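Notes to accompany the following structure.
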Amino acid sequence: MELDDAPSRPDDLLDALVRQDLDPLSVAELDARITVLQGEIARCQMKKDRAVSHRAGAEDLFKR
């Protein structure tokens with residue numbers, strides 16, 4: 001990969017992921033991809049939940 005071809009933002013990685021042609025993948029490969037993506041969704045959700053909880057805690061602290 002050339003430097004110019006390198007993604008410039010993390011969003012570019014997501015864009016490349018959703019644009020990937022799935023036709024050549026087998027059922028087993030699709031199942032593996034789904035498992036990995038479900039794991040990533042869970043990881044993102046946990047991070048989001050922690051951030052929301054942290055913010056709520058900070059807001060409660062400053063309301064006192």
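Values below: all heavy atoms of this structure, side chains included; hydrogens, waters and symmetry mates excluded. A quick note: this is a predicted structure, and the numbers were derived from the prediction, not measured.
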So, taking the atom named CG in L30 and the one named CG in D23, what distance separates them when rounded to the nearest 0.5 Å? 9.5 Å
Using the side chain to side chain donor-acceptor pair (under 3.5 Å) criterion, which residues pair with Q38? Sequence neighbours excluded. none
Residues that E29 engages under salt bridge (Lys or Arg N to Asp or Glu O under 4.0 Å), provided they are two or more places apart: none
Just so I know, are the side chains of D49 and V52 near enough to count as touching, which here means a heavy-atom distance under 4.5 Å? no
Roughly how far, to the nearest 0.5 Å, is CD of E40 from OG1 of T35? 13.5 Å
Please list, chain by chain and in numerical order, all residues satisfying salt bridge (Lys or Arg N to Asp or Glu O under 4.0 Å) with R19, sequence neighbours excluded. D15
Verify the distance criterion only: is there a donor paired with an acceptor across the side chains of R33 and Q20 at less than 3.5 Å? yes
Do K48 and R43 come close enough that some side-chain heavy atom pair is under 4.5 Å? no
Yes or no on side-chain contact (heavy atoms from CB on, under 4.5 Å) for L37 and I34, after CA distance, side-chain angles and deciding distance? CA-CA 5 Å; L37 291 172; I34 289 167; 5.7 Å; no
